[in-house]
2 protein chains.
Amino acid sequence: MGFRSKAATERPAGLGSGQLMDPRIARSHASVLQAATALLVEGGPDALTIDGVVARSGVAKSTVYRHWATRDDLVADVIRECAPRVEPLPGGLDFETALHALTRHLVAAMGDPQWRRMIPALLLLRLQHSDVAQIDEQLKTDQHDLFATVLRLGVQEGALDRTVLDDVDRAMALLVGPVLMAALVDSAPLDDEFADEVASQYLAASRQRV
Amino acid sequence: MGFRSKAATERPAGLGSGQLMDPRIARSHASVLQAATALLVEGGPDALTIDGVVARSGVAKSTVYRHWATRDDLVADVIRECAPRVEPLPGGLDFETALHALTRHLVAAMGDPQWRRMIPALLLLRLQHSDVAQIDEQLKTDQHDLFATVLRLGVQEGALDRTVLDDVDRAMALLVGPVLMAALVDSAPLDDEFADEVASQYLAASRQRV
DNA sequence: GAGAAACGATACGATACGGTATCGTAGTGG
DNA sequence: CCACTACGATACCGTATCGTATCGTTTCTC
């Protein structure tokens, strides 16, 4: 993932955390990232070329290569920047409301048009690009953990069979799948109503099972 | 989509349908298509290059361009060839069994490893490639019609509210989504058990609604 | 204000790829 | 057996792209 990029977003050694880095670096870094993101979103991975970024951002090619060692590093950074952050849910919720909060959080994350356009690129690049593969795995495990805690809640309340915890991924397929499909194919609007429908559907099925 | 490709798979004018075409054409056509498919599956759209196809298939470049006017036509043909064929369900089924048959048919189609690897490519290419976009739309409308007939069955039996027919796409998101997710992310095995689970979940939720 | 660091502009090399053209060869169908 | 057609090999052109190198200029930091 290009340590140069990391170095550009952190402070140089020997500076306090209040101390900001060279604003020139921040500027060019941000400009490049923005242009690269736009290109990736609009035209897919092939459209994200160095020359394209140079033309669109107004940043010189030499500067781009000062921040990213290679084009692949830039691509990975763009995806990493756009990927939704998985944040834990507030504690103290009962299972049903937690599940609804989870699906709502999900549709909100997948609703970001930039991210929606980036998902196919992520699915493709992760197969050949180890950095992108790592981003994908990170995202997956974070979501997995989040779902596991919510499902554990359901088990504790007796609403779910204990065995769901043995196959969290399967439950995720049932819950995330519809949202992913809606995001990829525009088969349903990504609003809270849809989120609630997905959650309710899962709950209805689990009630019947128990 | 390259009329040349079409011409290569059909018989020259003036021949009866029993009459086969020049076997040399069939051979080279098949070899190219097979090599191109492998390249697309293994390395994504970028890996499907003419030179790569030439190297892998043993067919000369001039021959490739005799059958396909351009690289994009070849790509479209590869996707078209691999895309699952949507065939109507047997008539006379009741709603529940029809729905289960539908989801089973679905997991069978999405289970094809070649097609699974091709879905991200399809999702990306349809945005810039009109031929691929057409394949995607064709597939979508075929599936839509299939689901519509099954859902109509549910309405006739009183198992579904009449309003589902106003938003077949939403129902498809709920039913196809989990399967798509499982195919893309390997979150669940694509077997009949999973298909039945998806169908049952949808049924449980709809029973509760009515 | 001076030194240092980042930047812009540009030229350049290497490579990969799409697509065309040519020509001799081999297989097919009548 | 013969004309015809498809094929293989190869050379070639134009272009896009990655990545490097150089050098004068701007801008920040101290």
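All figures in this text were calculated on a predicted structure; none of them were measured in a lab. So that the names make sense, note that chain A is the first sequence line, chain B the second, and so on, each numbered from 1.
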Measure the distance from CZ on A:R27 to P on D:dT26 and round it to the nearest whole Å. 15 Å
Enclosure of B:R162 CZ (heavy-atom neighbours >12, cutoff 6.0 Å): no
Once you round it to whole Å, what is the distance between P of C:dT20 and CZ of B:R66? 13 Å
Does any donor atom in the side chain of B:R152 or B:T149 lie under 3.5 Å from an acceptor atom in the other side chain? no
Between CD1 of B:I50 and C1' of C:dT20 the distance, given in whole Å, is 13 Å
For atom CE of B:M21 and atom P of C:dG29, their distance in whole Å: 10 Å
Over 12 non-hydrogen atoms of neighbours within 6.0 angstrom of CD in A:Q34: no
For the pair made of OH in B:Y65 and P in D:dA6, what is the distance, rounded to whole Å? 19 Å
Over 12 non-hydrogen atoms of neighbours within 6.0 angstrom of CD in B:E137: no
Please state whether the rings of B:H67 and B:H29 are parallel, tilted or perpendicular, taking 30° and 60° as the class boundaries. perpendicular
For A:D72 and A:T70, does a side-chain donor sit closer than 3.5 Å to a side-chain acceptor? no
Side-chain N or O of B:T70 less than 4.0 angstrom from OP1 or OP2 on C:dG19? yes
Where is the tightest heavy-atom contact between A:V168 and A:A148, given as atom of each residue plus distance? CG1-N, 4.2 Å
Rounded to 10°, the helix from C:dG1-D:dC30 to C:dG30-D:dC1 deviates from straight, judged by its five-pair end axes, by 40°
When the distance from CG of B:L48 to C1' of C:dG19 is rounded to whole Å, what number comes out? 15 Å
For the residue pair A:G43 and B:Q128, what are the closest heavy atoms and their distance? O-NE2, 2.7 Å
Tabulate protein N/O versus nucleotide N/O from nucleotides 3-5 of chain D, keeping only pairs under 3.5 Å, one per line.
residue, atom, partner, partner atom, Å
D:dT5, O2, B:R24, NH1, 3.0
D:dT5, O2, B:R24, NH2, 3.3

Donor-acceptor pair, side chain of B:T63 and main chain of B:V59, under 3.5 angstrom: no
Polar atom pairs (N or O), protein with nucleotides 10-13 of chain D, under 3.5 Å:
none

Report the distance from atom CG of A:D51 to atom P of C:dG8, rounded to the nearest whole Å. 15 Å
For B:D46 and for A:V54, locate the closest nucleotide of DNA chain C by heavy-atom distance; then report the residue assigned to the nucleotide nearer the 5' terminus. A:V54
Looking at A:T63, I'd like to know whether one of its side-chain N or O atoms comes within less than 4.0 Å of OP1 or OP2 on C:dG8. yes
Indicate the atoms forming the closest heavy-atom contact of A:P178 with A:V198, along with that distance. CB-CG2, 3.9 Å
Apply the salt bridge (Lys or Arg N to Asp or Glu O under 4.0 Å) test between B:D51 and each candidate in B:R56, B:R71, B:K61; give the one that qualifies. B:K61
Is any side-chain N or O of A:H29 closer than 4.0 Å to OP1 or OP2 of C:dA6? no
Would you name the heavy atoms of B:T103 and B:A195 that are closest together and state the gap between them? OG1-O, 3.1 Å
Short side-chain N/O contact from B:H67 to OP1 or OP2 of D:dA6, under 4.0 Å: no
Value in whole Å for how far the P atom of C:dG19 lies from CZ of B:R71: 8 Å
May I ask you to say what B:G52 touches in the nucleic acid, namely base, sugar-phosphate or nothing, with a heavy-atom cut-off under 4.0 Å? nothing
